[in-house]
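Below is one structure, written out as structure tokens, with a few remarks after it.
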Amino acid sequence: MNEILRNEEMGLSDGLMLRVAGSGDIPAIRTLQALSIAILQRGYLDDAQIEASRVSMGLDTQLIDDGTYFCVFDDETLVGCGGWSNRATLYGGDHSAGRSARKLDPATDRARIRAMYTHPDHARRGIGRSILMASEFAARNHGFKALEMASTEAGRPFYERCGYAVENSFFDHNGGVAVPLYTMVKALTPVD
């Protein structure tokens with residue numbers, strides 16, 4: 001696990017540190033997620049969609065229990081979080097409907113990219129990219145050949161720059177308002 005966390009390889013600037021999230025990080029993660037949802041969705045979703053998206057977005061603590069969720073800190077301030085999963089749930093927090101803890105088969109299934117959030121004041125510092133790199137590295141080392149995620153409208157351009165392609169689009173209606181999401185996929189380069 002330590003090789004995942006070499007910050008110079010993750011492209012993090014000085015002062016930023018990536019590590020595996022622990023249960024003690026949950027309050028800060030929830031605060032960061034709420035702030036990110038409220039601010040970074042502006043210009044992509046209207047106010048009703050932003051509010052509705054809170055029902056389908058958020059922290060799935062199974063990721064922390066599995067050791068597949070990462071935090072990025074600037075000194076002691078949480079500035080980003082996200083991770084990967086070898087479970088069937090594609091998106092959503094503990095409170096979201098339709099979650100499944102079923103384990104995925106690396107031979108036939110794609111690992112998931114999950115719950116990616118950046119502090120609005122720290123966007124465009126390589127935080128999201130570093131979390132993606134750590135997640136891709138870990139998923140590849142667990143035998144997965146591809147990844148998929150449910151991306152928001154706001155996240156889609158970033159993920160496309162990172163090599164993910166839209167497979168299909170759909171609407172989440174769990175919050176009572178249609179919120180657009182995209183299933184995005186990426187093949188992983190085999191380990192030598």
Legend entry - Contacts of His122 that satisfy side chain to side chain donor-acceptor pair (under 3.5 Å) - sequence neighbours left out: Arg125

Inset, instruction - Hey, could you give me the CG/CD distance between Leu45 and Glu51, rounded to the nearest 0.5 Å? - result: 12.0 Å

Inset, instruction - Taking all heavy atoms of Phe171 and all of Ala178, pick out the closest pair and write down the distance. - result: CD2-CB, 3.7 Å

Inset, instruction - State whether the side chain of Ser96 and the backbone N or O of Val55 hold a donor-acceptor pair below 3.5 Å, judged by distance alone. - result: yes

Inset, instruction - Enter the distance from Leu32:CG to Asp25:CG here, rounded to the nearest 0.5 Å. - result: 11.0 Å

Inset, instruction - Verify whether one side chain among Asn174 and Ser56 offers a donor that lies under 3.5 Å from an acceptor in the other. - result: no

Inset, instruction - Kindly compute the distance separating CZ (Arg30) from OH (Tyr117), expressed to the nearest 0.5 Å. - result: 10.5 Å

Legend entry - Shortest non-hydrogen separation from Leu63 to Ala115 and the atoms involved: CD1-CB, 4.4 Å

Legend entry - Expected output: side-chain Asp75 to main-chain Thr77 donor-acceptor under 3.5 Å: no

Inset, instruction - Keeping the roles fixed (side chain from Arg140, backbone from Thr189), state whether a donor-acceptor pair exists under 3.5 Å. - result: yes

Legend entry - Residues that Ala48 engages under side-chain contact (heavy atoms from CB on, under 4.5 Å), provided they are two or more places apart: Asp46, Val177

Legend entry - Parallel, tilted or perpendicular: rings of Phe170 and Tyr91 (30°, 60°): tilted

Legend entry - Worked verdict on Gln62 versus Arg87 for side chain to side chain contact (heavy atoms under 4.5 Å, CB included): CA-CA 9 Å; Gln62 180 73 62; Arg87 297 185 185 269; 3.4 Å; yes

Legend entry - Validation row: Ile37, Ser53 side chains within 4.5 angstrom (heavy atoms): yes

Inset, instruction - Might you point out which heavy atoms bring Glu136 and Tyr164 nearest each other, and give the distance in Å? - result: OE2-OH, 2.7 Å

Legend entry - Salt-bridge contact Lys186-Glu148 (side-chain N to carboxylate O under 4.0 Å): no

Legend entry - side chain to side chain donor-acceptor pair (under 3.5 Å) partners for Gln49, two or more places apart: none

Inset, instruction - Taking the side chain as every heavy atom from C-beta outward, state whether Met133 and Leu18 have any atom pair closer than 4.5 Å. - result: no

Inset, instruction - Would you name the heavy atoms of Ala38 and Arg54 that are closest together and state the gap between them? - result: CB-NH2, 3.5 Å

Inset, instruction - Kindly work out whether a path of hydrophobic side-chain contacts (I/L/V/M/F/W/Y, heavy atoms less than 4.5 Å apart) joins Ile64 to Phe73. - result: yes

Legend entry - Minimum heavy-atom distance Ala52-Val179, with the two atoms named: CB-CG2, 4.0 Å

Legend entry - Beyond-backbone contact of Met184 with Arg156, side-chain heavy atoms, under 4.5 angstrom: yes

Legend entry - Heavy-atom side-chain proximity of Tyr69 to Leu59 below 4.5 angstrom: yes

Inset, instruction - Report whether Val72 and Phe158 are members of the same hydrophobic cluster (ILVMFWY, side-chain heavy atoms less than 4.5 Å apart, transitive linking). - result: yes

Inset, instruction - Drop me the distance from Asp60's CG to Arg112's CZ, to the nearest 0.5 angstrom. - result: 12.0 Å

Legend entry - Ile26 reachable from Leu78 in the ILVMFWY side-chain graph, under 4.5 Å edges: yes

Inset, instruction - State plainly whether one hydrophobic cluster holds both Leu181 and Tyr159, where clusters connect Ile, Leu, Val, Met, Phe, Trp and Tyr through side-chain heavy atoms under 4.5 angstrom apart. - result: no

Legend entry - Ring geometry between Trp84 and His142 (parallel below 30°, tilted from 30 to 60°, perpendicular above 60°): tilted

Legend entry - Interatomic spacing from CZ in Arg114 to OG in Ser135 - rounded to 0.5 Å: 11.5 Å

Legend entry - Donor-acceptor contact below 3.5 Å, side chain Thr89 vs main chain Ser100: yes

Inset, instruction - Would you kindly confirm whether Leu132 and Leu188 end up in one hydrophobic cluster when ILVMFWY residues are joined by side chain heavy atoms under 4.5 Å apart? - result: yes

Inset, instruction - Please identify each residue that fulfils side chain to side chain donor-acceptor pair (under 3.5 Å) with Gln41, with sequence neighbours left out. - result: none

Legend entry - Any His119 side-chain heavy atom under 4.5 Å of Leu35 side chain: yes

Legend entry - Atom pair CD1/CG of Ile113 and Leu147 - distance to nearest 0.5 Å: 4.5 Å

Legend entry - Asn86 side-chain N/O to Lys103 backbone N/O, donor-acceptor pair under 3.5 Å: no

Legend entry - Listed partners of Tyr182 passing side chain to side chain donor-acceptor pair (under 3.5 Å), at least two apart: Glu153

Inset, instruction - Please test Arg129 against Cys162 for side chain to side chain contact (heavy atoms under 4.5 Å, CB included), starting from the C-alpha separation and ending with a verdict. - result: CA-CA 7 Å; Arg129 192 173 295 270; Cys162 294; 3.5 Å; yes

Inset, instruction - Report the C-alpha separation of Phe70 and Val20 in whole Å, then their side-chain angles, then the decisive distance to 0.1 Å, and conclude whether the side chain to side chain contact (heavy atoms under 4.5 Å, CB included) test is met. - result: CA-CA 4 Å; Phe70 302 104; Val20 174; 3.9 Å; yes

Legend entry - Any Met149 side-chain heavy atom under 4.5 Å of Val185 side chain: no

Inset, instruction - Please list, chain by chain and in numerical order, all residues satisfying ring-ring contact (aromatic ring centres under 6.0 Å, His included) with His173, sequence neighbours excluded. - result: none

Inset, instruction - Decide if atom CG of Asp121 counts as having more than 12 heavy atoms of other residues, nucleotides or ligands within a radius under 6.0 Å. - result: yes

Legend entry - Contact summary for Cys81 and Ile29, nearest pair of heavy atoms: SG-CG2, 4.0 Å

